[in-house]
Amino acid sequence: MLFANYINGKWVSGDTFENRNPANTTEVVGLFVKGRASDIEAAAEAAAAAFPAWSKLPAPARGAYLFKVADILDRKFDAVAEEMTREEGKTLPEAKGEVRRSINIFRYFAGEGARLNGFLVPSERDRVHMFAIRKPVGVVGLVTPWNFPSAIPAWKLAPALICGNTAVVKPASAAPLSAWRLVEACHEAGIPKGVVNFVAGSGGTLGQALVDARPLKGVSFTGSCEVGQWLHEQASKRRLRIQLEMGGKNPTIVLADCDLNLAVENTVNAAFFSTGQKCTATSRAIVEKPVYDRFIDAMVERTKKLKVGNGLEPGIDIGPAVDQGQLDTDLRYIEIGRKECGPPRIGGHRLTGGAFGRGYFVEPTIFADVTPDMTLAREEVFGPVLAVIRARDFDDAMRIANDVPLGLSASVQTTNVSRVFDFVYGMEAGLLTINLPSAGVEYQLPFGGTKESSFGPKEQGPAALDFYSDYKTVYLKY
Ligand code: NAP
């Protein structure tokens, strides 16, 4: 089936590229139109033309459209989730969780339409009334990755629209269908033409066109540090508003006083589910000496029970890598791990033979005795590869955990409340969990990292409104 681009309320065709199933590469999930720079320009112009009317619409009326989008997605829930598994590889329960989250995100921001508050404060002067109101930014470009192909476009598009902005969505080429379904729902909900536009195609070509598009006022990007850095440089030349959410090298600190079974469950979940392809995935377990050996043994035993396979099949825990490029990256880091610290305790191979031969499957892999200076302890893999590092004590664990340039998420496993607070105040990461996996966040709180993981205002929760709106300050003498 052909999935066209969507510009100014029309489906626009052209040359195509294939979206293939990473669990069975003989299956083409869909053909997508390879957008050109001129499509981005047309989409940005359409968004600019739609902006005055959309931004003047009362915010609760914009919210009514967003509720409709959520209802439409809800009606297609099972089909959309199944398509996500086929295009991205995550298991069907994971895909269902993600589609449910997109629906919830649309409902949450639809509700914000009735709460889009500014604020009013007393003046020092007599009979002066002063207040600040929110105004939208204008046309925004939304550039999204493949790993949460529905939720990330949803958590950018819904707050953008409720604040009164118009948008150009550029999805990841490896998994554009889930974002396409969101845009289709916007179309079916009757959102006026030009308010939402969708252009698939190569990031290199379209990214340049996006930052060059005259009407563009802001870009929200989620993806790799390299592309984020490039976009930042381009955007700052034009003083575009910019929001960047990028990579992570997320630690789970396991302390000697933890509930070990829980710590193992949480670490396996965070390191391996979704094939380790979550920006908040744990890729370093930093373990206090007294429980180090027991933790590794229990991790190996638990990991042996994980079932890798096609995520559409019942009972599968881990799907494939998203594409050949990500598989190659996983295998390259596994080789680096072998050279730096010897054979892995478990895993370490591509799975081949039978049905595995048609997909990009890799074993969940654990390296032990990784030291903080090794590559596996410092660079993001974005695959099911866990580095276990020994720490002398809590302070040593915190020092190791903070000694990387990235700071997205972090977790501690402990029953000591003092350690919890030391972790909360001392950990250099934007998202913290305690006795939970480092991954698995909800949409009602701010989302984003610190250090080189992120730049600009946070996403999700009420904080999202601060990127997609600006304050206009009013002083009134009466
Ligand atoms: P990516 O290669 O940076 O791609 C992200 C998006 O940017 C895609 O739509 C891509 O298009 C596009 N792109 C590529 N080159 C571009 C350019 N020059 N200008 C503008 N856009 C360009 O990242 P990815 O491989 O999809 O995702 C994995 C990375 O995302 C990991 O590092 C992960 O940690 C990070 N991530 C972060 C978060 C977070 O919230 N912090 C969440 C999820 C993922 P094409 O697909 O066409 O190349």
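As the structure lists them, so they are numbered: ligands from 1, and atoms in each ligand from 1.
Protein heavy atom nearest atom 26 (O) of ligand 1, with residue, atom name and distance: Trp146 CD1, 3.1 Å. Looking at atom 12 (C) of ligand 1, its nearest protein heavy atom turns out to be Val143 CG1, 3.7 Å. Protein heavy atom in closest approach to atom 9 (O) of ligand 1: Thr144 O, 2.8 Å. Nearest non-hydrogen protein atom to atom 42 (C) of ligand 1 is Cys279 SG, 2.9 Å. Of the protein's heavy atoms, Ser224 N, 3.3 Å lies nearest to atom 23 (O) of ligand 1. Protein heavy atom at the shortest distance from atom 40 (O) of ligand 1 is Phe447 CE2, 3.0 Å. For atom 14 (C) of ligand 1, the closest non-hydrogen atom on the protein side is Gly203 CA, 3.7 Å. Of all protein heavy atoms, the one lying nearest to atom 27 (O) of ligand 1 is Pro145 CB, 3.5 Å.
Less than 4.0 angstrom separates some heavy atom of Ile152 from each of these atoms of ligand 1: 42 (C), 43 (C). Every atom of ligand 1 is numbered from 1 in the order shown, and the set under 4.0 Å from a heavy atom of Asn147 is 43 (C), 44 (C). Ligand-side atoms of ligand 1 in range of Phe221: 3 (O), 5 (C), 6 (C), 7 (O), range being under 4.0 angstrom from any heavy atom. Heavy-atom contacts of Ser202 reach the following atoms of ligand 1: 47 (O) (cutoff under 4.0 Å). Heavy-atom contacts of Gly207 reach the following atoms of ligand 1: 19 (N), 20 (C) (cutoff under 4.0 Å). Interface of Pro171 with ligand 1, defined as ligand atoms under 4.0 Å from a residue heavy atom, comprises 9 (O).
Here's the thing with Met246: one of its N/O atoms is less than 3.5 angstrom from an N/O atom of ligand 1. Taking distance alone, with nitrogen or oxygen atoms compared against 3.5 Å, Glu459 stays at or beyond that limit from ligand 1. Considering backbone and side-chain N/O atoms, Ser173 comes within less than 3.5 Å of an N/O atom of ligand 1. In terms of polar-atom proximity, defined here as any N/O pair under 3.5 Å, Glu380 does make such a contact with ligand 1. In terms of polar-atom proximity, defined here as any N/O pair under 3.5 Å, Lys170 does make such a contact with ligand 1. For the pair Gly201 and ligand 1, the shortest N or O to N or O distance falls below 3.5 Å.
Heavy atoms of Phe382 found under 4.0 angstrom from ligand 1 belong exclusively to the side chain. Contact annotation: for Leu210 versus ligand 1, there are no heavy atoms closer than 4.0 Å. With a 4.0 Å cut-off on non-hydrogen atoms, Thr222 touches ligand 1 through its backbone as well as its side chain. Within the 4.0 Å heavy-atom criterion, neither part of Thr280 lies near ligand 1.
Side-chain contact between Val308 and Leu351: present, with at least one pair of heavy atoms (C-beta onward) separated by less than 4.5 Å. In this structure, Val322 and Asn147 have side chains that are not in contact, with every pair of non-hydrogen atoms separated by 4.5 Å or more. Between Tyr468 and Ile162 the shortest side-chain heavy-atom distance does not fall below 4.5 Å. Proximity of Pro22 to Glu88: side-chain heavy atoms (C-beta onward) are nowhere separated by under 4.5 Å.
Ionic pairing of Glu188 and Lys76 is present here: one or more N-O contacts between side-chain nitrogen and carboxylate oxygen are shorter than 4.0 angstrom. Look at Glu335 and Arg332 and you find no salt bridge, because none of the NZ, NE, NH1 or NH2 atoms lies under 4.0 Å from a carboxylate O. The pair Asp328-Arg350 fails the salt-bridge criterion, with no side-chain N (NZ, NE, NH1 or NH2) lying under 4.0 Å from an Asp/Glu carboxylate O. A salt bridge does not link Lys458 with Asp466: every distance from a Lys NZ or Arg NE/NH1/NH2 to an Asp or Glu carboxylate oxygen is 4.0 Å or more.
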Check the pair Asp369, Arg345 against salt bridge (charged side-chain N to carboxylate O under 4.0 Å, His left out), reporting the backbone distance first and the verdict last. CA-CA 10 Å; Asp369 300 335; Arg345 290 296 173 97; 3.8 Å; yes
Test Arg214 against Glu41 for salt bridge (charged side-chain N to carboxylate O under 4.0 Å, His left out), laying out the working first. CA-CA 8 Å; Arg214 195 190 48 81; Glu41 285 155 23; over 6 Å; no
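Cation-pi check for Arg302 over Phe272 is not met; the charged atom does not lie both under 6.0 angstrom from the ring centroid and within 45 degrees of its normal.
Closest to atom 35 (C) of ligand 1 by heavy atom, among Ala172, Gly430, Ser453, Gly223, is Gly223.
The backbone N or O of Leu31 lies less than 3.5 Å from no partner atom in the side chain of Asn19, so there is not a single donor-acceptor pair. Between the Asn250 side chain and the Ser409 main chain, a donor and an acceptor come within less than 3.5 Å of each other.
By the definition of a contact as any protein heavy atom under 4.0 Å away, atom 4 (O) of ligand 1 is not in contact.
Put simply, the residue from Arg358, Arg86, Arg20 that forms a salt bridge (charged side-chain N to carboxylate O under 4.0 Å, His left out) with Glu27 is Arg86. Applying ring-ring contact (aromatic ring centres under 6.0 Å, His included) to Trp155 and the options Phe106, Tyr443, Phe447 leaves one that passes, Phe447.
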